[in-house]
Structures are given as structure tokens and as C-alpha cells.
Amino acid sequence: MFTIRRSWIAWLLRLARSSRVGYRSRRLPMVTVPPDAPQSTRAKLAIVGARPGKEEARLGHPFVGGSGDELWKLLANHRTYRAQCLVTNTVLTFDPDRALPTWPEIRDELPRLKAELEAHPSNVILALGNEALQALCGLRGIDSWRGSILESTLVPGRKVVAAWHPANILRTYERRYILDADLRRACLQAAFPEIRRPVRNFNTDPTIEECVEFLRGIGDEACVDVECSRNTHRLYCVGVGAYPNSRDIISIPFTRGQMTVTERVYVCRELQKVFDRCGIIGQNIGFDKWILELFGFRVPKITFDTMLAHHLLWPEAGIRLKDDIGKDNFSGGHDLGFISSCYTEEPYYKHEGHLSEDTPEAWTNFRIYNCKDVAVTIESTVGLRQELKEFGQADYYYSHTNKLIDPVWRMQGNGLEIDSEALKERKERLQLENRVLQGRLNRAVGFDCNVKSTVHLRYLLHDKLHLPIKKRTKKGGAPSTDEETLRTLAYNSPYTDLFKLILDIRERRTLLSGFMQLETSQDGRYRAAYLIHGTDSGRLSSRAPKDLDGRLGPQLQNVPVHFRNVFRAPAGCGLMGADLRRAEAMFVAYDSGDRGLIHAFETPNFDSYIDLGESVLGVKFVDLEKELAKIYRDCFKQVTHASNYGMGPLKLIAVLRLKGIDIEDINVRGIHQPKRKAEYFLEGYHDKFPAVRHAWQPRIREELRTKRTLLDALGRRRFFMGRMDEALYRIGYSFRPQSTVVGVTNLAFRRLDAWGWKMVLQVHDFVGVEYPLEKERECCHALHEAFRTPLTLHGRTFTIPVDIKAGPNWRDMKPVEIAADELVERLHDVHSPTRIPGDVSSLERDNYYIGLTRS
DNA sequence: CCCACACGC
DNA sequence: GCGTGTGGG
């Protein structure tokens with residue numbers, strides 16, 4: 001504390017000596033940082049930031065601190081340098097208390113800013129951050145407007161390109177690539193003064209003749225965008241364009257508009273012909289297809305989805321960070337607003353899509369919006385296709401990603417039958433147990449203790465019971481009260497039962513709040529939403545279905561195991577599920593080429609966990625007590641998992657504790673300290689299987705460091721945007737195994753769907769089929785066959801074995817055994833054989849810009 | 001709105 | 001490590 005204060009005083013003294021210091025209001029030192037003029041009278045670029053920061057105030061120039069360094073570094077990529085630019089801020093004074101100026105402050109300085117910009121004309125004013133955007137264009141919302149080419153309201157006629165303030169990306173490294181792309185646009189636009197808008201010819205209220213002529217003129221592919229009411233009961237209009245023409249678009253009105261009902265029926269027939277004849281392109285086109293089918297159309301041939309292609313190419317990109325992907329944000333970072341900012345020159349327009357009133361003007365504007373959606377989807381398709389080709393991902397997109405759309409939407413439509421009796425019974429029992437346990441807890445601790453309140457638990461643990469602090473929370477640094485902490489404190493303590501009680505109540509409350517409100521459709525089935533673009537690794541994700549009033553139930557990927565009996569097969573049917581056995585570990589074995597690991601997988605009935613445990617601990621597990629042997633085996637299962645992904649010793653201890661294993665209970669000769677023990681285990685793994693650490697991990701690190709890109713064994717590419725550090729390497733280690741296993745699973749899922757099986761579940765590497773009981777054997781064969789995708793890595797070919805289970809519901813499933821010779825070879829497959837590159841291919845480029853094709 | 005926590009793989 | 005979701009403050 002003292003050192004901070006001292007340096008603060010030293011800084012103040014420095015300021016006092018500086019001639020730029022003035023005392024404007026009370027004691028606040030207000031330092032003024034004047035703009036830097038370009039070296040010629042004409043600037044290549046005028047750059048407007050928010051206000052000077054500490055470094056700027058100290059040195060007396062704008063953009064000379066951390067954000068400045070970042071800015072100049074990135075601009076140098078586009079051959080633009082400081083001396084060529086006018087560099088200024090909306091407000092010239094530094095305020096130690098307020099990093100960003102308020103609007104009144106900005107407003108006071110607008111005349112000065114305007115004069116500066118006029119004195120040093122430039123073709124482009126680069127508006128960095130919200131403040132500059134507002135000063136220059138009178139707009140707010142930089143997340144929306146970044147990347148847009150705008151006209152300045154402050155200096156009419158002048159072109160503005162908006163971008164994030166570089167200070168933003170110091171904190172969130174991933175955004176660097178998006179800022180870079182926006183700077184690239186600013187520099188390219190600086191070559192000429194005028195604002196060149198895309199030429200658009202939108203027909204927002206076509207006659208029947210115009211519709212027919214347009215629809216009949218469409219070639220191989222049509223781009224479609226449907227607008228409907230939020231509850232999907234009412235179709236507003238359908239925008240259509242003929243790919244790749246993004247200029248001429250029509251919006252066919254289904255509400256209002258000049259056509260009569262009879263005319264519209266005729267147009268619908270023509271539209272259906274387009275769907276039958278053409279490949280259909282769209283943004284999240286599965287949704288449009290679903291709506292169109294609700295209204296009686298058929299859409300058999302989807303050829304491109306901009307959202308999915310963008311997700312495949314840039315899984316981490318997007319306006320929103322991981323943390324802020326909110327409930328209402330359906331598409332994560334891959335919404336059309338963001339995509340069009342990267343691949344088109346259409347200025348931001350997504351705020352225009354609200355139908356405010358029922359007037360002809362409002363409807364016209366709404367259909368213009370509809371047409372814009374189609375136009376930018378077409379332009380983005382052109383750009384994305386070029387990128388797919390450039391990055392060698394076109395094959396993966398068309399033979400894997402695009403083919404997921406129909407099966408996934410079908411599964412979503414299938415839903416799962418709910419056993420409402422079981423649900424009700426379960427709910428009542430949980431509520432009762434919860435009441436009893438809560439009463440017991442309250443009596444034991446002497447107050448009404450809310451187990452979900454960290455405040456209550458901290459009070460109980462540290463103030464009442466005077467227990468030591470074992471762990472602190474990551475962000476706030478407050479004493480943690482999570483399950484791991486409670487288990488640590490419970491170990492060998494008199495409070496074991498008390499903490500058990502707390503955890504029991506927590507578990508029940510989680511269940512009651514998360515999984516008991518579950519609404520089914522009239523057919524008694526529950527339909528969760530599935531997202532193809534939900535994860536960076538390519539896994540499907542599932543979400544709670546939503547309607548106008550909110551949630552209709554839980555998502556499916558974290559339903560507690562013992563609650564899964566509520567999801568069942570209807571009478572006469574069963575549920576059969578399959579997942580890949582130790583798939584990721586097996587992949588690591590073959591990908592690392594480690595002989596010991598490969599041996600473990602090639603030897604039938606070989607238990608590699610026991611083998612590892614025995615060699616690390618130097619004891620034979622058969623000599624141990626049965627109970628203990630099981631704990632030891634579980635322990636080394638976790639050690640195996642941890643080692644593959646570069647986990648540290650402390651994290652290993654935590655993971656073990658959550659599995660109910662206290663590392664203290666495992667005897668190691670000569671080592672007693674838990675952390676040392678964990679280190680010893682991890683070392684033991686690497687000693688036994690040296691290739692993982694000495695060959696496999698370095699290889700991945702090297703790929704990441706030089707190319708920021710990894711490929712999985714099926715050819716899926718992942719570009720990594722994060723800061724190059726240990727955390728990124730760890731994500732990298734998990735990518736190849738995880739992504740490949742996902743690829744194999746999704747392929748199996750698609751095959752089963754194509755063979756006519758009713759798919760009802762897909763959770764990570766598990767797929768579930770609802771089958772008629774008499775077809776059990778057939779279904780089992782189909783699952784086996786669907787999952788059989790041989791992989792070749794470094795000259796060795798292997799197939800990940802699959803575990804198949806069946807039962808009346810999702811919980812009570814028992815293994816289905818099938819003799820190997822019963823498996824008949826069948827040739828049918830849903831996709832033409834795909835080239836399977838085993839090794840990471842060499843991509844030459846090391847600099848990528850999202851939206852390569854934009855001008 | 002952010003944080004902590006909990007469930008799954 | 002990767003996800004989605006709830007409740008507290």
C-alpha cells in the first residue's frame with residue numbers, strides 16, 4: 001500500500017513540474033495532451049480515441065501507452081505509421097479518476113475536434129471506441145457499429161470507420177483479430193475519399209408477375225431468409241435472392257402487401273419449385289427450414305449455412321466474449337450482424353429489424369431489412385466459401401458440418417418422452433427430503449442456514465466453527481465454500497456428517513430448481529434445443545427450449561445421472577445408446593505413438609489404470625483389499641486423464657477429491673505431502689509413457705506457436721486466437737483428441753439418422769436411439785456399424801471401440817452384448833469416403849484476417 | 001449485472 | 001479442459 005502511495009506522490013510531483021499542468025477544478029490535476037499532427041498537411045488517417053491515459057499524460061502525446069503500442073503494431077500490418085496520421089482524442093485532458101470522458105465533457109470539446117479534423121484532411125477518420133463513435137457520428141454501441149463505414153455528422157461528408165478501442169483488446173486478446181480486420185478496412189478505405197455503398201435493388205412489394213419472374217430466374221442456388229412473429233405462428237415475409245447476385249433481392253410478403261390470397265398461393269407454388277430445384281443458402285438456415293415446413297413447404301436441399309461455416313472457421317470470433325454469451329444470444333459470436341461486418345460493406349443495420357407499428361411504411365422498412373439480410377448472407381457466403389477453400393476446410397464443411405443440419409433439427413423435433421408419473425413422484429420426494437434435511441441442518445447449526453448462500457456458509461465455517469480457510473475463490477479472493485472445500489474440511493474432522501448434510505441439501509435444491517420444471521408438448525414429449533455451433537471443439541450443445549414466456553425445461557447435457565429415468569422410451573420401444581470407450585485416451589495413445597500406451601490399447605482386457613498404479617506405487621493391486629484396490633484404480637484413472645491434458649498437481653488433488661478420493665489415503669513410500677504425492681503420480685505417468693510429454697505435447701505446442709492452428713484427424717481446423725501461454729497450450733492438447741472423437745460421434749449420429757433410426761439424444765460423445773423392441777438386435781448392429789470409423793495416425797490404423805447399452809429409460813440402461821461374428825459387414829454409408837489426413841498439414845500462412853475477401 | 005457454484009462429458 | 005444453468009448479493 002505504502003509503495004503505491006509513494007509512487008502516486010512521485011507522479012503528482014512530476015506532473016506539477018510539467019508545463020502542461022493546469023488546475024481546472026478544485027485539486028484535480030488536469031493534464032492536457034495535445035493532438036499529434038501528421039508530417040504532411042494531409043493525413044493518411046485521422047485517429048480519434050477517447051481521452052489520454054496515464055502514460056499519455058506523462059509523455060505528453062496521445063496513444064503512447066499500452067493501447068498505443070498495440071494500435072501502432074497492428075496498423076503497421078497495413079503499412080500505416082504514426083507519422084502519417086493525425087492522432088487525437090475526443091477529450092484532451094487526462095483525468096486520473098475517470099478513464100473515459102462523459103458526454104458533456106465530449107460535447108464541450110466537439111468544436112475543437114472538428115477544427116482539428118478539418119485542418120488536417122484525411123480520407124478516413126478512424127473512430128476508436130464508443131466515445132469517438134458518438135462524437136463523430138452521434139451513434140452509440142461500438143459492438144454493433146465496429147467495422148461499419150459511416151459518414152461523420154461532426155464533419156459532414158467525411159468517411160468514418162469505427163473500431164474497438166485498442167485498450168479493449170489488452171484485456172481480451174481474442175478481439176485483437178477483429179480489431180486488426182477493422183484497421184485493415186480503415187486503411188483500405190483511406191485510399192479514396194468517397195463513401196461507396198453497395199448497390200441494392202430491393203423489391204419489397206412485388207406483384208405476382210415480378211415474383212414468378214424472379215423465382216424462375218434463379219439458378220443453382222437461392223438464398224432465403226424468413227421473417228415471422230416470435231411465437232412463429234405468423235409468417236411475415238420471405239426474402240429470396242439468386243446466389244451469387246446480392247444486388248437484386250425480393251421480399252415476398254405473407255402479411256400485408258399488394259398480392260391477393262389467390263396470387264400468393266400461386267407464388268407459393270413457384271417458391272416450392274425453387275426449394276425443389278435449388279440448393280438453399282441461409283444464416284442458421286435450419287431455423288428457416290423449420291418455419292417454412294410449419295407452413296407447408298418442403299426444403300430438401302440445404303447447401304450452405306453462413307453461421308455454421310463461420311463457426312467452423314472462427315469458433316472463437318465474435319463480438320461477445322465467452323463470459324458474456326447471454327441467454328438471449330442465440331448464435332454466440334456467429335450472428336449475422338457480426339458476420340456481415342466482416343464479409344460485407346453493408347453498414348450495421350440489425351437495429352432496423354423491429355416492426356414497430358402496422359403502417360405501410362413500417363412494413364416496407366421491415367421488408368427492406370429482410371432484403372438486406374438476404375443480400376449480406378449472399379455476400380458473406382461468397383467470402384466464407386473463399387475462406388473455406390483457402391484454409392482447406394471446404395471438404396470438411398460440405399461433408400460433415402453441413403450434413404449435420406437436417407439430422408440435428410430432426411432430433412430436436414423428435415424430442416424424448418417424459419415419464420410424468422416418475423417426475424411427479426421424484427419431485428415430491430425431493431421436496432420432502434429437502435424439508436427434513438433442512439430442518440436437521442438448522443437445528444444442528446442453530447440458525448436458518450441457506451446452503452446456496454456463500455455468506456451463510458462462510459459465517460458457519462469460519463465465524464461459528466472457526467475452521468481454517470482452505471481455498472479462496474478465483475476472482476473475488478473470498479473464502480470458498482464449494483464442494484471441494486467442504487470435503488477437504490470434512491476429512492478426518494468431527495463435522496463430516498454436517499458437511500454431508502449441507503452437500504445433500506445443495507444437491508436436492510439444484511435438482512429441484514434445475515430439472516423439475518419440465519414442460520412437454522401435447523404428445524408428452526420434451527424437446528430440448530440443440531446447437532451445432534455451440535462449442536469451440538465442434539461438439540453439439542443442448543439448451544433449454546424457450547418460448548415467449550421463458551424456459552420450458554432444462555437442457556440435456558448436465559442432467560444428473562440418477563434423474564435420467566424421467567426421460568424414457570414409449571410403450572413398445574426402448575432406448576439404446578452408444579458411446580466410445582475411453583476414446584480420447586486411445587486417441588492420445590496413437591497420436592503420441594507411445595509404445596506403452598498403444599500396447600495397453602491393443603491388449604484385450606488390459607487394465608492400464610491398474611498397470612500404471614502398480615508400477616508407480618510398487619504394489620500389486622490384487623494383494624490389496626478389494627475396496628482399496630478400487631480407490632487406487634480410480635485414482636490412476638484420473639492421473640491418466642490429468643496427464644494427457646497437462647494438468648498440474650493441485651488441480652489433480654482437487655479433481656480426485658471431487659471423485660471422493662483423498663490423496664492422503666493413498667500410501668506412497670517416503671512421500672507424505674499431498675502436493676508432492678500428486679507430482680509423483682504425474683511424473684510416474686510420464687516416466688512410463690514418455691512420448692506424451694516428450695513428443696506429443698511439444699509437437700502440438702510447436703504447431704500452435706508457429707501456426708496458431710491445429711487440425712484434428714478428420715481434417716477439422718481450429719484457429720486459436722488466445723494469448724500464447726500455458727493455458728492455450730492446454731486447450732491445444734485437448735483439441736485433437738476431443739475434436740476427432742466428436743467428429744466420429746457426429747458421423748455415427750448422421751449415419752443412424754440416414755438409416756432411418758429415430759435419434760432422440762446426443763450428449764457429447766453419447767448418442768441415443770428410440771427403437772421398437774422387436775428391432776433390438778438390428779438397432780445394436782446399426783450402432784456398432786455407425787460408430788466404426790477407422791482412424792489412421794502416423795501409419796497405424798485403429799478403431800475406437802463402442803459401448804452399447806439399452807433400457808426402458810435413459811438411466812436404467814444395461815450393456816447389450818453382441819458377439820463379434822454377428823456383426824455383418826454392410827456397405828451403406830451416408831457420405832462419400834472422406835480423405836482422412838492423419839497428421840497436421842502444413843499451412844504456410846501465419847497471418848489471418850477474418851473476412852479475407854472484404855475490400 | 002457479476003460472482004460462485006453445480007451438473008454433465 | 002469444454003459446456004449450460006441457477007441462485008445470491
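Scope of the values below: all heavy atoms of this structure, side chains included, with no hydrogens, waters or symmetry mates. In the text below, chain A, chain B and the rest are named by the order of the sequence lines, each starting its count at 1.
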Whole-Å distance, F720(A) CZ to dG1(C) P, equals 14 Å
In whole angstroms, the gap separating C1' of dG1(C) from CG of D725(A) amounts to 14 Å
In plain terms, say whether E484(A) and R657(A) are close enough for a salt bridge, that is, a side-chain N and a carboxylate O under 4.0 Å apart.
-> no
When you check every protein heavy atom under 4.0 Å of nucleotides 4-9 of chain B, what one-letter string (B, S, -) results, 5' to 3'?
-> SSSBBB
In whole Å, what is the span from the OH atom of Y459(A) to the P atom of dG8(C)?
-> 19 Å
Hits for salt bridge (charged side-chain N to carboxylate O under 4.0 Å, His left out) against R693(A), two or more places apart or cross-chain, chain-then-number order -> E683(A)
Contact class for N450(A) vs. all strands (heavy atom < 4.0 Å): base, sugar-phosphate, or nothing?
-> sugar-phosphate
With the threshold set at 4.0 Å, does a side-chain nitrogen-carboxylate oxygen contact exist between D803(A) and R581(A)?
-> yes
For K464(A), all residues meeting salt bridge (charged side-chain N to carboxylate O under 4.0 Å, His left out), sequence neighbours excluded = none
For atom CG of D712(A) and atom P of dG1(C), their distance in whole Å | 21 Å
Do L575(A) and W810(A) have side-chain heavy atoms sitting under 4.5 Å apart?
-> yes
Could you state the CG-P distance from L511(A) to dG7(C), rounded to the nearest angstrom?
-> 12 Å
Given atom CG of L710(A) and atom P of dG1(C), what is their separation to the nearest angstrom?
-> 17 Å
Using whole Å, report how far CG of L531(A) lies from P of dC2(C).
-> 18 Å
Ion pair present between R458(A) and D463(A), side-chain N to carboxylate O less than 4.0 angstrom?
-> no
